[in-house]
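See below for the structure under consideration.
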Amino acid sequence: MPQCPDMTGTLYIVATPIGNLEDITQRALRVLGEVDLVACEDTRRTRVLLNHFGIKTKTISYHEHNERERAEQISKLLLSGKNVALVSDAGTPLINDPGFRLTNAAIELNLPVVPIPGPTAFVSALVASGLPSEQLFFAGFLPARANARRAKLEELSAIPATLVFYEAPHRIAATLEDALAVLGNRQAAVARELTKIHEEIARGSLRELIQRFGTGSLTARGEMVLVISGAAVDEASATVGTEPASRRLIARVSELEREGLEAKAALKKAARELGMKRAEAYRVLVAQKNRRNK
């Protein structure tokens, strides 16, 4: 592993507000003002933050499209003794934002890496969701394509921890529909515009949230966090067993087909028995078929 000179710089990973500027910490302000350079996703956006607090530190862009070259460039600056603060557009860097390559490079070079904690959207959503927070599984953004999204939900369906996702407003309706079809009618929450003027945290079953955010409802705006109860704590499905609804459906359809029912009739009967809409049940079977064909 490469060795560093005695006088090397420090990489600070600095969390910034996700909306309300009052959420920035005194330590973050001090570090941003003292470092030699601030590496940020969007220099214009970060400059607004820095100007608000009267910070004159020079900025440099660091985003997904230039991450490789910038990581090398910034590593050289750190080796020369410069101190650098890494920030994202909002929240904590590396949490679904660029920064891993630079952080890993600094660690490989034995450079000091210091986290400056602060706001993170998924943590704020989780603690206000009303769902268990002792164990959580943060999965970032689900796939944009429907089949891949359902397959991912299938992978996560047996996890007993509370599931937490980021989601875009234009996909929240489809994601809720798929979550209902794959996971069953679990308890959940959708948090949007956290810490901002139009902050909203909607709680209820997945079916209830579909009524609020589903197709045909009012257009949802703002960045979103989706929180869904885990398999072991899912009270909504407790009356029909702890196994995920998708697996119960697939098993029941297979059983009915062995008894002699045609595929369509088996699907219809199984969906009715499990309290699922036929369209939901059909999507589950399609997702299962696609997973087997991969």
| Residue pair T59, L37: steps toward the side-chain contact (heavy atoms from CB on, under 4.5 Å) verdict | CA-CA 6 Å; T59 61; L37 186 68; 5.8 Å; no
Kindly indicate whether the side chain of [X], heavy atoms from C-beta on, has any atom under 4.5 Å from the side chain of [Y].
X: I60; Y: R70; answer: yes
X: L256; Y: V253; answer: no
X: R27; Y: P117; answer: yes
X: L86; Y: V38; answer: no
X: K76; Y: Q73; answer: no
X: I55; Y: L29; answer: yes
X: K268; Y: K264; answer: no
X: V84; Y: V35; answer: no

| task | Would you please test V164 and F137 for side-chain contact (heavy atoms from CB on, under 4.5 Å) and show each step? | result | CA-CA 6 Å; V164 187; F137 188 98; over 6 Å; no
Can you list, pair by pair, the side-chain donor-acceptor contacts under 3.5 Å of residues 96-105, counting residues two or more places apart and other chains?
{"from": "T103", "atom 1": "OG1", "to": "G99", "atom 2": "O", "distance (Å)": "2.9"}

| Step by step, would you call I228 with L183 a side-chain contact (heavy atoms from CB on, under 4.5 Å)? | CA-CA 9 Å; I228 304 176; L183 304 176; 4.0 Å; yes
Does [X] pair with [Y] as a salt bridge, N-O distance under 4.0 Å?
X: E255; Y: R252; value: yes
X: R45; Y: E41; value: no
X: R212; Y: E200; value: yes
X: E155; Y: K152; value: yes
X: R68; Y: E72; value: no

Between [X] (side chain only) and [Y] (backbone N and O only), is there a donor and an acceptor less than 3.5 Å apart?
X: T57; Y: L32; answer: yes
X: T25; Y: A28; answer: yes
X: S157; Y: E154; answer: yes
X: T195; Y: N20; answer: yes
X: R203; Y: A128; answer: yes
X: T162; Y: P132; answer: yes
X: N83; Y: G9; answer: no

| task | List for me each residue that meets ring-ring contact (aromatic ring centres under 6.0 Å, His included) alongside F138, sequence neighbours excluded, and say none if there are none. | result |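 In terms of ring-ring contact (aromatic ring centres under 6.0 Å, His included), with neighbours along the sequence ignored, F138 is linked to F122, Y166.
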| More than 12 foreign heavy atoms under 6.0 Å from CD of E223: is that the case here? |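 Atom CD in E223 is not crowded, with 12 or fewer foreign heavy atoms closer than 6.0 Å.
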| message | Looking at E259, I want to see if its CD is surrounded by more than 12 non-hydrogen atoms of other residues, nucleotides or ligands under 6.0 Å. | response |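 Yes, enclosed.
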Check the hydrophobic clustering (I, L, V, M, F, W, Y; side-chain heavy atoms under 4.5 Å; chains of links allowed) and say if [X] and [Y] are grouped together.
X: F213; Y: L226; value: yes
X: F165; Y: L206; value: yes
X: M224; Y: L136; value: no
X: I107; Y: I95; value: no
X: L153; Y: V225; value: no

| said: So if I apply the side-chain contact (heavy atoms from CB on, under 4.5 Å) rule between V31 and each of T10, I116, I13, which one comes out positive? | reply: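 Exactly one pass, corresponding to I116.
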| query | So how far is it from K82 NZ to L77 CG, rounded to the nearest 0.5 Å? | reply |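 Those atoms lie 8.0 Å apart.
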| message | Assess, by modelled atom type and distance only, whether the side chains of S61 and T43 contain a donor and an acceptor separated by less than 3.5 Å. | response |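 No, T43 and S61 have no side-chain donor paired with an acceptor closer than 3.5 Å.
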| said: We want to know whether S205 and Q187 form a side-chain donor-acceptor pair, criterion being a heavy-atom distance below 3.5 angstrom. | reply: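 Result is no, nothing qualifies.
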| task | Determine, stepwise, if the pair V182 / L156 fulfils side-chain contact (heavy atoms from CB on, under 4.5 Å). | result | CA-CA 10 Å; V182 175; L156 305 177; over 6 Å; no
